[in-house]
Amino acid sequence: MDEDPGPLVRLFGLTGGRARPLGESFDLVAIVTTVDIPSEPLGLLPEHFELLSLCRRPTPVADAASHLRLPLNIIRVLLGDLRREGLVTIDRPQPAAQTIDERIYREVLHGIRGL
């Protein structure tokens, strides 16, 4: 009689028993962007390919975990694999102050002067 090993065994198998990604750490708001989707499997799992497809548009790590319905630690390990293969980039989000361009500052300043 075969018994279902349960989700923990499956997750352990997805990561090869690893609990942390290799290389530089990243948090749940880091932005993942697909650089390349290989034509050959390269030993990648279906979950790797699902992440590559999802991250064609810049996607936060937390959103990727939610979409795949996997724990954050598992997603981090899988993304670390993809980064190591050069298939994705993982970047820290820019602080809000750096995302406002100079034009907006000028418009605000002009508005203040108009008061």
Side-chain angles (χ1 to χ4, degrees):
M1 177 171 132
D2 289 332
E3 292 184 32
D4 181 10
L8 292 179
V9 173
R10 180 180 172 272
L11 295 175
F12 183 84
L14 281 176
T15 64
R18 295 171 289 148
R20 293 187 179 91
L22 300 173
E24 182 182 343
S25 65
F26 50 90
D27 61 19
L28 63 127
V29 295
I31 305 298
V32 183
T33 307
T34 298
V35 174
D36 188 24
I37 297 179
S39 56
E40 297 181 21
L42 300 174
L44 298 177
L45 301 169
E47 290 81 3
H48 286 119
F49 284 105
E50 199 168 343
L51 282 168
L52 289 171
S53 178
L54 174 67
C55 296
R56 287 181 179 177
R57 293 175 47 163
T59 306
V61 171
D63 289 357
S66 175
H67 181 79
L68 269 71
R69 297 183 179 173
L70 290 172
L72 273 171
N73 285 346
I74 302 299
I75 290 296
R76 285 182 175 138
V77 171
L78 296 174
L79 289 172
D81 295 345
L82 294 173
R83 178 178 58 186
R84 187 180 67 246
E85 294 295 329
L87 300 174
V88 297
T89 59
I90 303 173
D91 301 305
R92 289 186 175 101
Q94 291 185 356
Q98 292 179 3
T99 59
I100 300 174
D101 68 16
E102 189 176 326
R103 181 185 56 80
I104 293 173
Y105 285 125
R106 287 184 184 164
E107 288 177 15
V108 169
L109 183 60
H110 181 71
I112 291 171
R113 285 181 182 159
L115 295 175

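All residue numbers refer to positions in the sequence shown, counting from 1.
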So, do D27 and V61 sit near enough that their side-chain heavy atoms are less than 4.5 Å apart? no

Point-to-point distance, once rounded to the nearest 0.5 Å, from CG of D36 to CD of E85: 11.0 Å

Do I31 and I37 share a hydrophobic cluster (ILVMFWY, side-chain heavy atoms under 4.5 Å, transitive)? no

Is any side-chain heavy atom of C55 closer than 4.5 Å to a side-chain heavy atom of T33? no

Residue set satisfying side-chain contact (heavy atoms from CB on, under 4.5 Å) with V35, at least two apart, ordered chain then number -> T89

Between I74 and F49, is there shared hydrophobic-cluster membership here, with clusters defined by ILVMFWY side-chain heavy atoms closer than 4.5 Å? yes

Stepwise, does the side chain to side chain contact (heavy atoms under 4.5 Å, CB included) test hold for L78 with L70? CA-CA 10 Å; L78 296 174; L70 290 172; 4.2 Å; yes

Mind listing the closest non-hydrogen atom pair of I90 and V32 along with its distance? CG1-CG2, 4.2 Å

Between L87 and L68, is there shared hydrophobic-cluster membership here, with clusters defined by ILVMFWY side-chain heavy atoms closer than 4.5 Å? yes

Considering only heavy atoms from C-beta outward, does the side chain of L82 approach that of L44 to under 4.5 Å? yes

R83 versus E24, closest heavy-atom pair with distance: NH2-O, 2.6 Å

Here the pair of heavy atoms bringing P93 nearest to A30 is CD-CA, 4.0 Å

Can you list every pair that meets side chain to side chain donor-acceptor pair (under 3.5 Å) and has a residue in residues 48-58, with sequence neighbours left out? H48-D81

Do L52 and P38 have side-chain heavy atoms sitting under 4.5 Å apart? yes

Do you know the tightest heavy-atom contact between G80 and F26? N-CZ, 4.3 Å

What is the minimum heavy-atom distance between L51 and A64, and which atoms define it? CD2-CB, 3.7 Å

For L54 and T59, the nearest pair of non-hydrogen atoms, with its separation, is O-OG1, 3.5 Å

